[in-house]
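Residue numbers start from 1 in every chain, and the chains themselves are labelled A, B, ... in the order their sequence lines are given, proteins ahead of strands. Below, all heavy atoms of this structure are taken into account, side chains as well, without hydrogens, waters or symmetry copies.
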Amino acid sequence: MGKELVTCGLPYANGPCHIGHLRTYVPADVYVRFLRMMGRDVVFVCGSDTHGTPIVINAEERGLSPEELVDIYHRHFQDVFRKLRIDFDYYGSTDSETNHRRTREIVKELIKNGYVYSKKIKLAYCPKCERFLPDRYVEGVCPYCGMEARGDECDQGCGRHLEPGEILEPRCKIDGSKAEYREQEHYFFRLSAFKDFLMDFLEHLEGTENAINYSKEWVRKELKDWCISRNLEWGVKFPGKDDMVVYVWVDAPIGYISFTEEYGKIAGFDWKEIWKDNARITHFIGLDIVYHHCIFWPAMLKGAGYSLPSAVVASGMVKIQDKTFSKSRGYVVWVEDDYLEEGFHPDHLRYYLINYTSHQKDLNFSWKVFGERINRELVNTLGNFLYRVMHFTWKNFGEIPEGRVSPEIMEKVERVRKKAVDLIMDYEFKEACDTIMDLASFGNTYFQSKKPWELIKRDRNSCAKVIKNCLQIVKALAILMYPVLPSSMEKVAEWIGLSPERINLDELSVEVEGGVVERPTLPLEKIDDERIEMAEKRLLRRIESMSVEEESRLISPEDFGKLEIKIGRIVTAERIKGSNKLLRLEIDVGGEKRQIVAGFAGKYRPESLVGKQVPVLLNIKPAKLMGVESRGMVLAVDVDGKPIILSPEEEVPEGSIVR
RNA sequence: GCCGGGGUGGCCUAGCGGGUGGGGCGUCAGACUCAUAAUCUGAAGGUCGCGGGUUCGAACCCCGCCCCCGGCACCA
């Protein structure tokens, strides 16, 4: 079998590493270590994703150049990965010369093959800055819901993704001045041409179901062509257009190819072996970027004549203390500041991430559970077994006893090896880990039942045999747990004379050899409850301080005064054709009849609403919904997304003011 | 609303071509003392989300409903 490639989704070099990142990288690292222990020739690459608007904005805000900002986080991630023993063969940057070249080459190839076309679209232009405003440089009004929105997404209102040029009343985010729409030519990737290809591709794609099912559904619906050019200086210049760069989601995955190429130069192989010769390619990613890896990326590769991914392995989301991960609300654990700096062991976090739950499911990180699981499972069961055997050997023999290991022990180890490998190949990392932990448990039971501490007093030979068997289990554990706990297991391996290069699966069928045994130290140490409490407190404080910030967003009476709310009477109510939620209402608000669209249909029958008095917000910007204009908003209670109408306690004249 | 994925003892879960619900952690009780108050043995603990149906028999099959997560959508 030739070379194969494993990659991890590229971290965006815009902020520090958090536990959510590791949810993908640790299992990938474990997977790669297993493949290597099986003798497979793996290339493992990753790198910083460096382009795109957020980095430009963030750099500007901090008075840095994009290069400087990217450099900070590029180093940071490398440092964190090194400390956590996530050992990429190569960690590159999408801003490298290779990646610029490769990206342009691929875009040119797509152009040549007819998969790119240009189209004039209208885009926000700031006359003051004298430039077109890409994506998030624009603020304005959402065309769908009328809320204040960003150029790429209606972040405060309906949450809808906005295509370039869609936003209304655009303003420049940099100087706040009014922007205007100007026509400009942009480039589109003909994704729609790949529908049949993708349907077939996804039928054969390996990996986790969560990735493949999602993608199939997306492809089944209509595929829209992608705008792949942006008005930005920071990025890969669009071929033939020096004033534009390619969209960051084009050059980011191409990084996988570039990093392979860059590493190939160092390691002495040709990147084409992998990217032109249908080598096995496995992408580890988070669930949030499935679309890019299962649809856009293979289409690009196909269109430009490169090898396609063999498997996409998507990890589930991370929750913090059972709440949705959220940096702005404080539900986040920073790997450097909160974990490593506080002196927690990298292997402990690796174990937790692998062993908490199956790879595809959501993983909850709670400090309390972390402390419990490390101490009660990892340290007590595995750590203690390793230590008690080594300690007993050292104290009573001073060396690994001569003699053979019992066949039943060798067979037991072999069964565990087979099961664990099968599970790893199925990306069931937790189950694989459990299987290996069972061996430690088996070891404890064996040790307990054979009572070597009694045997040593009356039958030294029998005792030696028992210990030899236990040492074989120690060896098996050191090897099989090595992918999850590399630094701890290297230490244990050394105790039994197993050098790092001999940590591989073939060694499992080799009997542990004689040699001097030194006094062991603790292979895995417990975590003090106090440290867990401190870490938890720190997290809770952060969450609290974030919510205090929210509280400080109090508004003034003047702000409230801006809202013009009056009582109106519903005079007509009817369903809007084609909508199962929306009603068209006519409301008498005192001398004026307003047409308002409201999402009450799921809860109320239209006829039951007629005659009701309700509060109406009159001076909200009008919006169109399902083609019906809505001038105002009926205020209602929202209970889990369901509306409950408010009405005054007694009849009041229409147009009465609410304040 | 639609499309995925889930709802199994306090927690993480196995079981889903039907035949008396398994495991691990925790809890409780014993045992042991080589070992990091570790380990070993045993026990308690479950209306398998809810309601129907098919069947001699359903966690598993069918129908309806509820809840959680994610995506999409018309979230005024």
- For the pair made of CZ in Arg376(A) and C1' in G24(B), what is the distance, rounded to whole Å? 13 Å
- Task: Consider the side chain of Val379(A), meaning its heavy atoms from C-beta on, and name the nucleotide among U33(B), G26(B), U36(B) that approaches it most closely.
- Result: U36(B)
- Message: I'd like the P distance from C63(B) over to C2(B), given in whole Å.
- Response: 15 Å
- What nucleic acid atoms does Pro523(A) come within less than 4.0 Å of, heavy atoms only: base, sugar-phosphate, or nothing? base
- Item | Closest to the Lys430(A) side chain, choosing from U33(B), C12(B), C34(B) | C12(B)
- Note on the structure: Side-chain contact check for Met633(A): nearest option of U36(B), C40(B), A76(B) is A76(B)
- In terms of side-chain heavy atoms, does Asn355(A) have a donor or acceptor partner in Asp434(A) at a distance below 3.5 Å? yes
- Item | Asn375(A) CG to C25(B) P, straight-line distance once rounded to whole Å | 14 Å
- By nearest nucleotide on RNA chain B, pick out whichever of Met317(A) and Phe385(A) is the more 5' one. Phe385(A)
- Query: Whole-Å distance between G15(B) P and Glu431(A) CD?
  - Reply: 7 Å
- Query: In whole Å, what separates the C1' atom of U47(B) from that of A43(B)?
  - Reply: 23 Å
- Item | Pairwise C1' distance for G52(B) and C66(B), with rounding to whole Å | 15 Å
- Note on the structure: From CD of Glu428(A) across to P of G23(B) the rounded distance in Å is 21 Å
- Is Phe392(A) stacked on the base of C34(B), with ring centres under 5.5 Å apart and planes under 30° apart? no
- Does any N or O donor sit under 3.5 Å from an N or O acceptor when you compare the side chain of Gln448(A) with the base of C34(B)? yes
- Item | Rounded C1' spacing from C25(B) to U39(B) in Å | 16 Å
- Base paired to C32(B) (Watson-Crick or G-U; both N/O distances under 3.5 angstrom): none
- Query: Looking across every strand, which nucleic acid part, if any, lies under 4.0 Å from Tyr356(A) by heavy atom: base, sugar-phosphate, or nothing?
  - Reply: sugar-phosphate
- Can you name the closest pair of heavy atoms from Phe201(A) and Pro309(A) and give their distance? CE1-O, 3.6 Å
- Query: Once you round it to whole Å, what is the distance between C1' of G24(B) and CG of Leu382(A)?
  - Reply: 15 Å
- C72(B) pairs with which nucleotide, Watson-Crick or G-U wobble, both distances below 3.5 Å? G1(B)
- Within less than 4.0 Å of OP1 or OP2 of C25(B), is there a side-chain N or O belonging to Thr381(A)? no
- Item | Inter-nucleotide P distance (G15(B), G57(B)), Å rounded | 27 Å
- Message: Mind checking if Asn384(A) touches a base, just sugar-phosphate, or nothing, with heavy atoms under 4.0 Å?
- Response: base
- Query: Starting at CD of Glu454(A) and ending at P of A31(B), how long is that distance when rounded to a whole Å?
  - Reply: 15 Å
- Task: Look at the side chain of Trp453(A) and decide which nucleotide, out of U39(B), C32(B), A14(B), has an atom nearest to it.
- Result: C32(B)
- Identified pairing partner of A43(B), criterion: Watson-Crick or G-U wobble below 3.5 Å: U27(B)
- Using a heavy-atom cut-off of under 4.0 Å over every strand shown, decide if Ser441(A) touches base, sugar-phosphate, or nothing. sugar-phosphate
- Query: What nucleotide among U36(B), C69(B), C34(B) has an atom nearest to a side-chain atom of Leu522(A)?
  - Reply: U36(B)
- Query: In whole Å, what separates the P atom of G5(B) from that of C62(B)?
  - Reply: 13 Å
- Is Ile596(A) touching bases, backbone alone, or none of the nucleic acid, heavy atoms closer than 4.0 Å? nothing
- Message: Which nucleotide wins on minimum distance to the side chain of Asn444(A), given the candidates U39(B), U36(B), G26(B)?
- Response: U39(B)
- Task: Using the C1' atom as the reference point in each nucleotide, state the distance between G26(B) and G45(B) in Å, no decimals.
- Result: 12 Å
- Query: Looking across every strand, which nucleic acid part, if any, lies under 4.0 Å from Lys216(A) by heavy atom: base, sugar-phosphate, or nothing?
  - Reply: nothing
- Residue Leu524(A), side-chain atoms from C-beta onward, closest of G26(B), U36(B), C69(B): U36(B)
- Query: Using a distance-only test with no angle check, is there a side-chain donor-acceptor pair under 3.5 angstrom linking Thr24(A) and Ser315(A)?
  - Reply: yes
- Winner on side-chain proximity to Thr445(A), out of U36(B), U33(B), C40(B), is C40(B)
- Query: Whole-Å distance between C34(B) P and Phe397(A) CZ?
  - Reply: 14 Å
- Message: With nearest nucleotide decided by heavy atoms, which residue, Lys526(A) or Lys361(A), maps closer to the 5′ end of RNA chain B?
- Response: Lys361(A)
- Indicate whether the side chain of Asn210(A) and that of Thr208(A) have a donor and an acceptor atom separated by less than 3.5 Å. yes
- Message: Using 0.5 Å steps for rounding, measure from the SG atom of Cys470(A) to the CZ atom of Arg388(A).
- Response: 8.0 Å
- Item | Whole-Å distance separating the CG atom of Leu363(A) from the P atom of G70(B) | 15 Å
- Task: Indicate the atoms forming the closest heavy-atom contact of Lys491(A) with Pro523(A), along with that distance.
- Result: CE-CA, 4.0 Å
- Message: Please determine whether side-chain contact (heavy atoms from CB on, under 4.5 Å) holds for the pair Val312(A) and Val290(A), giving the CA-CA distance in whole Å, both sets of side-chain angles, and the decisive distance to 0.1 Å.
- Response: CA-CA 8 Å; Val312(A) 173; Val290(A) 162; 5.6 Å; no
- Task: Could you tell me which non-hydrogen atom of Arg531(A) sits nearest to which non-hydrogen atom of Ile527(A), and how far apart they are?
- Result: NH1-CG2, 4.3 Å
- Message: Once you apply a heavy-atom cut-off of 4.0 Å, does Lys451(A) come out as touching a base, just sugar-phosphate, or nothing?
- Response: nothing
- Euclidean distance for P, G9(B) against G23(B) (whole angstrom): 15 Å
